[in-house]
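Start at 1 with the first residue, then count along the sequence. We use all heavy atoms of the structure for the numbers below, so side chains are in, but hydrogens, waters and symmetry mates are not.
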Amino acid sequence: MPTTRPKAKRKVARKRLAGLRPAKAAPKLGRTGLSEISEVVRSRAEADAAIAEARKAHDRLREAIDILPQGIVFLDPDGRYILWNKKYSEIYNTSADLFAQGARLEDTLRIGVERGDYPEAAGREEEWIAERLAKLHQPGEAHEQVLADGRCVRIEERLTKDGGVIGLRVDITDLKHREASFRLLFDSNPVPMILCAQDDERIIGVNDAALAHYGYSKIEFEKLSIRDIQAFESVAPWADDRSLDERNARTWKHIKADGSLIDVAIYSRDLMFEDRPAVLLALMDITERKRAEARLAFVAQHDGLTGLPNRILLRQRLEELLTHTRRSGDKLSVLFIDLDGFKTINDTLGHAIGDKLLNAVARRLRSSLREEDAIARLGSDEFAVVQAGCARPEDAALLARRLLDALGEPYLFEGHTVVSGASIGIALSPGDGDDAERLLKNADMALSRAKSEGRGSFSFFEAEMDARAQNRHRIETDLREAIANRSLQPFYQPLVDLKSGRITGVEALARWLHPQRGMISPGEFIPVAEETGLIGTLGNLMLRRACMDAASWPDPVRVAVNLSTLQFRAGNLLSVVMDALKQSGLPPKRLELEITESLLLEKSDDVLATLHALRALGVRISMDDFGTGYSSLSYLRSFPFDKIKIDQSFVRGLALNRDAQAIVRSIVSLGMGLGVTITAEGVETEDELSCLRGEGCHEGQGFLFSKARPNHEIAQLLTAQHRSSERVDAA
Ligand code: C2E
Ligand code: MG
Ligand code: MG
């Protein structure tokens, strides 16, 4: 705001200035005389003309300087005002009343200082005036002046040839405001910012946020160059030919005052600072974000329980090793490891112990390997190891043996001694595959073989396993189709009462007539159906068909249907059985369900409840293939079976085998004690039959009586038996 001054003060000032002006010289006439007078008149006229001309030139000059946007002033060598333009008067509006031709700048300054027009002079008036005048007489660099109303003027002065001064004035108030707000924006910005000189990369400015974030003092900072705070990069963020976007997308490692490293994203802008090319850097600390990203990446690639790499990372690592071996000609092996009986340990001792076991296994595996080998946890109790630099199959075998020994050692958890062996499948590269996918698949296949050959062993992959796996795959595809188009159906094999020789029941056995391959045995397709989950549909289909067929046979012949363990897991077995009975109209007492010992191995309450519920319906439950599983007598106590079927392996050659006879005898007496029907499976010869009779076995089933037959044949057989019994009864 321009300050207003009382008029009286101005008048005094003007008077003081008038007194300071040089006195106008009085005109002097030389000698008197006409000639002289005319001479004088002529020269006077010439002088007037010259003066008029000079005045014109002066006016033109004034007009010209008046339109300039800057203030301009001409001073004579004594520092007196000669000429100034409008802008000059406007800039110094509070002092404009003092400007007059011939007035001395020094005097106007002094009056201005007294009146308070120059706040910078307050308290050091004489000194300030002296400095100001010194600048006037040795003009050079531009300098700035603050006026009473807060405006800021930039002053540039030059000496003229005659020793006078031309002064330029620019009102830089706006510029100063902008500078001040920029400073404020910079200083108080919450984002750490650093200003660097472009040429020598020195740090020439830092804001408070940068001081706080990096921990250097302002003085320390300004002794450093941007490269001094970079951990690894030897070029400044702007010193490459990347585009701005590329530069901004990069991250850098910076060193804080305490020596710690941080990750920063840098956003940079080129600008001029105090006439120097500079770069303004805004620094975003992304250390936490990077850490979180790294954590996420770790989680995505590792197993949460053991911290081992997971399948994804293993595959990646294997690909890398394979790329390396392709170049070097080295070999490697992939070992798939599966714990034996893990599920039982988990079920019986609880998940906490199960988890402890898995962690202990991970530790034992890791400590049995070399640095360059890779290890991963693939699934619940499945682990994999990639053995680098495995020159011969024997090396892989040695490692497998070592791992099996390490894992076979007992574990002690919470007072429980846990013993858990493992099985290992091995695939070698090259040979069993030179890509990760194939090697992993083949090692897995070798593992299946190892498991089937007995626990605690290892097995190498063989090409023939692959053929078998492909066959499995074909079976799976065809089986789906067979179930859908009903080319799968039950055949029935009679069960004969050994005393009366009558057929008391038949067992439904799945038969699949393949369009190309002919009859396929259930031994081949039932395991595939179990592996692929098709067993549910297949089992339900068999149950419905068997009940339908049996309902049309003469009473009281029963039908026995085999159930897979997996059908119990589905959870809806009871309703499936009830539906089949309801739809067919078959009385429950004519349905027999055959289960195997493996079902009871699970010791599941759900399974027992389902069995009890089925039995409560009136359905009979048989224990199939007795003697082949874990054969624990406790199974017989856990559920009241209606029938025990002695596996055919005990019946074969029974007449000549005393051990088998002893076993059959004890099973029969056990059955008698429990009031359970004993059926012998796979009876093929008369000798076997008479032996079984001799032991008191109740029922027999086998080729000696009949193989499994299609429904129409069995129906005929049963009808014939029924008629003959009617005839006997009638007789
Ligand atoms: P399993 O339940 O023990 O059935 C008896 C098996 O012994 C049948 O084999 C039968 O054909 C065979 N067999 C009968 N008598 C003799 C004989 O005198 N000598 C010989 N060597 N074998 C005889 P199959 O039909 O091949 O069935 C094999 C197994 O497949 C069955 O054993 C059963 O566990 C399973 N299975 C068959 N059909 C089904 C089904 O519908 N569902 C389920 N879950 N499993 C089924
Ligand atoms: Mg059976
Ligand atoms: Mg059987």
Side-chain angles (χ1 to χ4, degrees), residues 303 305-306 308-311 314 318 332-349 353-369 373-387 390 393-411 417-429 431-433 438-469 472 527-528 530-531 565 597-598 601-602 628-630:
D303 162 47
L305 178 69
T306 60
L308 288 182
N310 63 12
R311 190 180 287 268
L314 177 81
L318 182 55
L332 57 78
S333 67
V334 176
L335 288 82
F336 259 47
I337 303 149
D338 188 279
L339 302 186
D340 295 334
F342 176 71
K343 194 177 171 337
T344 316
I345 292 168
N346 226 2
D347 287 350
T348 51
L349 299 178
I353 299 269
D355 286 355
K356 283 202 169 112
L357 174 63
L358 292 171
N359 273 316
V361 166
R363 278 196 299 277
R364 288 190 186 179
L365 286 176
R366 216 201 292 257
S367 61
S368 309
L369 297 174
D373 300 330
I375 176 171
R377 180 177 172 217
L378 304 180
S380 69
D381 62 342
E382 268 194 353
F383 296 82
V385 162
V386 178
Q387 183 189 22
C390 158
E394 291 88 316
D395 296 337
L398 277 174
L399 176 62
R401 194 66 269 159
R402 203 164 70 232
L403 296 179
L404 289 176
D405 288 347
L407 299 182
E409 287 292 314
Y411 303 81
T417 303
V418 178
V419 182
S420 161
S423 306
I424 298 182
I426 308 168
L428 302 165
S429 169
D432 298 342
R438 178 155 284 278
L439 276 171
L440 293 170
K441 199 177 121 234
N442 289 348
D444 197 9
M445 241 182 274
L447 173 65
S448 305
R449 157 74 69 93
K451 293 189 86 156
S452 69
E453 280 180 351
R455 283 139 194 259
S457 68
F458 64 88
S459 175
F460 280 95
F461 169 77
E462 288 160 22
E464 153 258 332
M465 289 177 194
D466 195 23
R468 227 174 27 218
R472 270 197 160 206
V528 179
E530 287 183 328
E531 271 169 36
T565 304
E597 286 163 314
S598 61
L601 195 65
E602 294 187 9
T628 53
Y630 291 84

**OP:** Would you give the length of the straight line joining atom CG of Asp432 to atom OG of Ser333, rounded to the nearest 0.5 angstrom?
**Re:** 10.0 Å

Original post:
What pairs with Asp395 under salt bridge (charged side-chain N to carboxylate O under 4.0 Å, His left out), at least two apart in sequence or on another chain?
Top reply: Arg392

Subject >> Glu530/Thr565 under side chain to side chain contact (heavy atoms under 4.5 Å, CB included): CA gap, chis, key distance, verdict >> reply: CA-CA 9 Å; Glu530 287 183 328; Thr565 304; 5.7 Å; no

Subject >> Contacts of type side chain to side chain donor-acceptor pair (under 3.5 Å), residue Asp381, not counting sequence neighbours >> reply: none

Subject >> Qualifying residues under salt bridge (charged side-chain N to carboxylate O under 4.0 Å, His left out), relative to Arg402, sequence neighbours excluded >> reply: none

Original post:
Taking only residues two or more places apart in sequence, or in another chain, which ones meet Asp444 in a side chain to side chain donor-acceptor pair (under 3.5 Å)?
Top reply: none

Original post:
What pairs with Phe342 under ring-ring contact (aromatic ring centres under 6.0 Å, His included), at least two apart in sequence or on another chain?
Top reply: none

Subject >> Minimal non-hydrogen separation, Ile375 against Ala362, with atom names >> reply: CD1-O, 4.4 Å

Original post:
In Å, rounded to the nearest 0.5 Å, how long is the span from OG1 of Thr628 to CD of Glu597?
Top reply: 5.5 Å

Subject >> Residues that Asp373 engages under side-chain contact (heavy atoms from CB on, under 4.5 Å), provided they are two or more places apart >> reply: Leu369, Arg370, Gln387, Ala388

**OP:** Would you please name every residue forming a side-chain contact (heavy atoms from CB on, under 4.5 Å) with Ala443, sequence neighbours left out?
**Re:** Val334, Phe336, Ala427

**OP:** Identify, with sequence neighbours excluded, every residue that meets side chain to side chain donor-acceptor pair (under 3.5 Å) alongside Ser429.
**Re:** none

Subject >> Which residues share a salt bridge (charged side-chain N to carboxylate O under 4.0 Å, His left out) with Glu409, sequence neighbours left out >> reply: none

Subject >> side chain to side chain donor-acceptor pair (under 3.5 Å) partners of Asp303, counting only residues at least two apart >> reply: Thr306, Arg377

Original post:
Can you name the side-chain contact (heavy atoms from CB on, under 4.5 Å) partners of Ala450, sequence neighbours left out?
Top reply: Ser423, Ser457, Ser459

Subject >> By side-chain contact (heavy atoms from CB on, under 4.5 Å) - contacts of Thr417 (at least two apart) >> reply: Pro410, Leu412

